[in-house]
Colleague: 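Please see the structure below; I have some questions.
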Amino acid sequence: MNLIADRLNRISPSLTIAMTAKARALKAAGKDVIGLSSGEPDFDTPRNVKDAAIAAIERGETKYTDVSGTVALRQAICDKFKRDSGLDYKPEEILVATGGKQVIFDALVATINPGDEAIIPAPCWVSYPDIVQLAEGTPVIVQCGQNSGFKMTGEQLEAAITPKTKWLILNNPCNPTGAAYNAAELKQLTDVLMRHPDVWVFTDDIYEKLAYDGFKPATVLEVEPRLRDRTVTMNGCSKAYAMTGWRIGFAGAPVHLIKAMDKLQGQSTSNTSSISQAAAIEALTGPQESIEAMRVVYERRRNMVVDMLNQAPGIRCHKPEGAFYVFPDMNGCIGKTTAGGKTINSDEDFTIALLEEAGVATVHGAAFLSPGHFRISYATSDEALREACTRIQKFCASMT
């Protein structure tokens, strides 16, 4: 009898975490490595948020809370949705989870039956397909290339829907591409969804505050309020407030689905840390200037990285609308040989050689179901990014 359950064989370890761990091991061995593989802000959590957490500890707010989060935090989330997107939610329509990933897990595991399909535009974040498969569903991957700005069209969505389709999963702005949908682009998708009343939509808006050149990402219910009864709107504190380690994700959804997600969470992690919840209230209701300060820096870094990568032989880099990633095409390097003697036959070969020979850690595109690319996170210092891009230029130029 096998000890490990068969369901675990449906999923893979996170390749972004794996590359970060490999880079960390090389650093520990004394190699000069610049890590651009981790999707985590390099800024510190704002001072007012940390102070709110300390104050909560001093007040003794160290006990269990409701599984779905404190009423105060859920109300703050309702206010945030209304302020930022014009969405009307009540506290009973809100669930707080241990990071955005748990929100996704709760929603999909609570709803997917064996054989149900979830449509996922690719390139996509590594966890979406695996969570669908863990729930015994079938991910339906729709390739959205660089020539279309890495965005799904209404025609592509229509073609992907079958009688088994239960979910469309959107990430706006997107990890790994930084692509973001405006209202007109989303309307193409919502018009299709209105013709298919059994299809739900999960919109992951975790990067919504990080958009550039005056671009404002839309969210599904802003564009089509009639989808409210079959939409999950997810967000969190990790990216906009540099609170990755605090583990705060949240979602608004119809009450019956929130109750199902609460039931599942109640038999897994139960409530999120009470201290993190207190910090999240301050993040959402307190001063917001720190977001703009970080956003301005990210925009400057994006511009520098895109410009420098497009000067690297064999690389073609799209300028994204949001998040803190670029997703360059490296097909121009396929078939070449590096200065260290390695033949580049795939994007994974490219990223491994880049790490071993140039000391730059990135993540290969196949990890995001889009071979021929690689992901760079520019959530690190200008100096490190400039040096990393210089190394990439030299690495590519040295190929024969």
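Not measured: the values here are computed from a predicted model.
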Colleague: Could you check Val363 against Thr351 for side chain to side chain contact (heavy atoms under 4.5 Å, CB included), going step by step and ending with a plain yes or no?
Modeller: CA-CA 6 Å; Val363 185; Thr351 56; over 6 Å; no

Colleague: Decide yes or no on side chain to side chain contact (heavy atoms under 4.5 Å, CB included) for Phe250 and Asn235, but give the supporting numbers first.
Modeller: CA-CA 6 Å; Phe250 51 80; Asn235 215 302; 3.5 Å; yes

Colleague: Salt bridge or not between Asp66 and Arg74? Use side-chain N to carboxylate O under 4.0 Å.
Modeller: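 A salt bridge links Asp66 with Arg74.
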
Colleague: Here's one to test your reading of the geometry: is the NZ or CZ of Arg228 within 45 degrees of the ring axis of Tyr89 and under 6.0 Å from its centre?
Modeller: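 Yes - Arg228 lies over the ring of Tyr89, closer than 6.0 Å to its centre and within 45° of its axis.
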
Colleague: Assess the residue pair Tyr207 and Tyr325 against the criterion (ring-ring contact (aromatic ring centres under 6.0 Å, His included)); give the C-alpha distance rounded to whole Å, side-chain angles, the decisive distance to 0.1 Å, and a yes or no.
Modeller: CA-CA 11 Å; Tyr207 295 96; Tyr325 309 103; 5.6 Å; yes

Colleague: Where the side chain of Ser85 meets the backbone of Leu87, is there a donor-acceptor pair that is under 3.5 Å apart?
Modeller: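 Not confirmed, Ser85 side chain does not pair with Leu87 backbone.
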
Colleague: What distance separates Ile275 CD1 from Thr62 OG1, expressed to the nearest 0.5 Å?
Modeller: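 Between Ile275 CD1 and Thr62 OG1, I get 6.0 Å after rounding to 0.5 Å.
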
Colleague: When you measure from the side chain of Thr337 to the backbone of Thr343, do you find a donor-acceptor pair of N or O atoms at a distance under 3.5 Å?
Modeller: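 It does not hold such a pair.
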
Colleague: With rounding to the nearest 0.5 angstrom, report the CD to NZ distance, Glu357 to Lys342.
Modeller: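 Spacing of CD (Glu357) from NZ (Lys342) equals 8.5 Å.
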
Colleague: Answer yes or no: is there a donor N or O on one side and an acceptor on the other, between the side chain of Glu321 and the main chain of Pro217, under 3.5 Å?
Modeller: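 No: the side chain of Glu321 does not pair with the backbone of Pro217.
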
Colleague: State, with a plain yes or no, whether a side-chain heavy atom of Arg302 is found less than 4.5 Å away from one of Pro320.
Modeller: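 Yes, side chains in contact.
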
Colleague: Is Phe374 close to Pro328 at the side-chain level, that is, under 4.5 Å between some pair of heavy atoms?
Modeller: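 Touching, per the 4.5 Å side-chain cut-off.
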
Colleague: Which heavy-atom pair separates Pro41 from Thr244 by the least distance, and what is that distance?
Modeller: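 Heavy atoms only, the tightest pair is CD-CG2, 3.7 Å.
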
Colleague: Can you find a side-chain donor-acceptor pair between Thr203 and Asp205 that sits under 3.5 Å?
Modeller: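 Checked: Thr203/Asp205 side chains pair up, N/O donor to acceptor below 3.5 Å.
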
Colleague: To the nearest 0.5 Å, how far apart are CG in Asp347 and CD1 in Ile334?
Modeller: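 If we round to the nearest 0.5 Å, Asp347:CG and Ile334:CD1 are 7.0 Å apart.
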
Colleague: Measure the acute angle between the ring planes of Phe324 and Tyr298, then classify it against the limits of 30° and 60° as parallel, tilted or perpendicular.
Modeller: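 Aromatic pair Phe324/Tyr298 classed tilted.
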
Colleague: Could you walk me through whether Gln102 and Thr269 pass side chain to side chain contact (heavy atoms under 4.5 Å, CB included), step by step?
Modeller: CA-CA 9 Å; Gln102 187 175 25; Thr269 62; 2.7 Å; yes

Colleague: If you round to the nearest 0.5 Å, how far is CD1 of Ile119 from CD1 of Ile141?
Modeller: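 Between atom CD1 of Ile141 and atom CD1 of Ile119 there are 10.0 Å.
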
Colleague: How close do Arg391 and Ile34 get, heavy atom to heavy atom, and via which atoms?
Modeller: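 For Arg391 versus Ile34, the nearest heavy atoms are CZ-CD1, 3.7 Å.
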
Colleague: Write out all pairs satisfying salt bridge (charged side-chain N to carboxylate O under 4.0 Å, His left out) with one or both partners inside residues 248-257, taking only residues at least two apart or from two chains.
Modeller: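 Those involving residues 248-257 do not exist here.
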
Colleague: Could you check if a side-chain atom of Val140 sits within less than 4.5 angstrom of a side-chain atom of Thr162, using non-hydrogen atoms only?
Modeller: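 The answer is no; the side chains never approach within 4.5 Å.
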
Colleague: Side-chain contact test, heavy atoms from C-beta onward, threshold under 4.5 Å: evaluate it for Gln188 versus Lys151 and give yes or no.
Modeller: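 Contact flag for Gln188/Lys151 side chains = no.
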
Colleague: Do the side chains of Asp130 and Lys101 get close enough for a salt bridge, i.e. N-O under 4.0 angstrom?
Modeller: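 No, Asp130 and Lys101 are not salt-bridged.
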
Colleague: Are Cys396 and Cys333 side-chain neighbours, meaning at least one heavy-atom pair lies under 4.5 Å?
Modeller: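 Side chain of Cys396 against side chain of Cys333, heavy atoms only: contact under 4.5 Å found.
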
Colleague: Working note: Phe327 + Ser370, criterion side chain to side chain contact (heavy atoms under 4.5 Å, CB included); need CA distance, chi angles, decisive distance, verdict.
Modeller: CA-CA 10 Å; Phe327 199 63; Ser370 188; 3.9 Å; yes

Colleague: Quick one: does any side-chain atom of Glu348 pair with a main-chain N or O of Ala366 as donor and acceptor, under 3.5 Å?
Modeller: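 It does not hold such a pair.
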
Colleague: Any idea which heavy atoms bring Met194 and Arg230 closest together, and the distance?
Modeller: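 Reported closest heavy-atom pair: CA-NH2, 3.8 Å.
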
Colleague: Using a distance-only test with no angle check, is there a side-chain donor-acceptor pair under 3.5 angstrom linking Thr219 and Glu208?
Modeller: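 Thr219 vs Glu208: no donor-acceptor pair found between side chains.
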
Colleague: Do you know the tightest heavy-atom contact between Asp116 and Lys166?
Modeller: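 Heavy-atom minimum between the residues: OD2-NZ, 3.0 Å.
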
Colleague: Taking it one step at a time, do Trp200 and Thr111 satisfy side-chain hydrogen bond (donor to acceptor under 3.5 Å, both in side chains)?
Modeller: CA-CA 10 Å; Trp200 281 65; Thr111 58; over 6 Å; no

Colleague: Can you list the steps and then say if Lys319 with Asp213 is a salt bridge (charged side-chain N to carboxylate O under 4.0 Å, His left out)?
Modeller: CA-CA 11 Å; Lys319 181 179 280 189; Asp213 302 322; 5.4 Å; no

Colleague: Is a side-chain donor or acceptor of Asn172 paired with a backbone partner of Ala218 at a separation under 3.5 angstrom?
Modeller: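 Flag set: sc Asn172 to bb Ala218 pair under 3.5 Å.
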
Colleague: Would the distance check show the side chain of Gln265 and the main-chain N or O of Ser270 forming a donor-acceptor pair, the cut-off being under 3.5 Å?
Modeller: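 Such a contact is found between Gln265 side chain and Ser270 backbone.
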
Colleague: Between Arg386 and Glu383, does any side-chain N to carboxylate O distance fall below 4.0 Å?
Modeller: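 Looking at Arg386 and Glu383, the cut-off is not met.
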
Colleague: On the 0 to 90° scale, with breaks at 30° and 60°, tag the Tyr212-Tyr378 ring pair as parallel, tilted or perpendicular.
Modeller: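 Tyr212 vs Tyr378 ring planes: tilted.
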
Colleague: Are the side chains of Met308 and Leu385 in touch, meaning some heavy atoms are under 4.5 Å apart?
Modeller: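 Side-chain contact under 4.5 Å: no.
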
Colleague: How far does OG1 of Thr338 sit from CG of Asp349, to the nearest 0.5 angstrom?
Modeller: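 These two atoms lie 9.5 Å from each other.
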
Colleague: Counting distance only, does the side-chain N/O of Gln156 pair as donor-acceptor with the main-chain N or O of Cys144 below 3.5 Å?
Modeller: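 Checked: no pair found.
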
Colleague: Please check: side-chain N/O of Asp191 versus main-chain N/O of Leu193, any donor-acceptor pairing under 3.5 Å?
Modeller: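 Not confirmed, Asp191 side chain does not pair with Leu193 backbone.
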
Colleague: Determine, stepwise, if the pair Asp79 / Gln75 fulfils side-chain hydrogen bond (donor to acceptor under 3.5 Å, both in side chains).
Modeller: CA-CA 6 Å; Asp79 295 342; Gln75 183 60 59; 3.0 Å; yes

Colleague: Quick check: closest heavy atoms across Leu369 and Ala122, and the distance to 0.1 Å?
Modeller: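 In this case the closest contact between Leu369 and Ala122 is O-CB, 3.9 Å.
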
Colleague: So, applying side chain to side chain contact (heavy atoms under 4.5 Å, CB included) with Leu157, which one of Val142, Leu189, Thr165 is it?
Modeller: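 Running side chain to side chain contact (heavy atoms under 4.5 Å, CB included) over Val142, Leu189, Thr165 with Leu157 returns exactly one hit, Leu189.
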
Colleague: If we only count heavy atoms from C-beta on, is the Arg375 to Asn175 side-chain gap below 4.5 Å?
Modeller: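 Yes; the side chains approach each other to less than 4.5 Å.
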
Colleague: Hydrophobic clusters here meaning ILVMFWY residues chained together by side-chain heavy-atom distances under 4.5 Å, can you tell me if Leu108 and Leu8 are in one?
Modeller: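 Same hydrophobic cluster.
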
Colleague: Working to the nearest 0.5 Å, report the span between CG of Leu186 and CG of Leu170.
Modeller: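 Reported to 0.5 Å precision, the distance equals 6.5 Å.
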
Colleague: Between Glu185 and Asn182 (side chain of the first, backbone of the second, donor and acceptor by atom type, cut-off under 3.5 Å), is there such a pair?
Modeller: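 Checking the backbone N and O of Asn182 against the side chain of Glu185, a donor-acceptor pair under 3.5 Å is found.
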
Colleague: With a 4.5 Å cut-off on side-chain heavy atoms, are Arg226 and Thr190 touching?
Modeller: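 The answer is no; the side chains never approach within 4.5 Å.
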
Colleague: Which pair of heavy atoms, one from Arg195 and one from Glu158, lies closest together, and at what distance?
Modeller: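 In this case the closest contact between Arg195 and Glu158 is NH2-OE1, 2.8 Å.
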
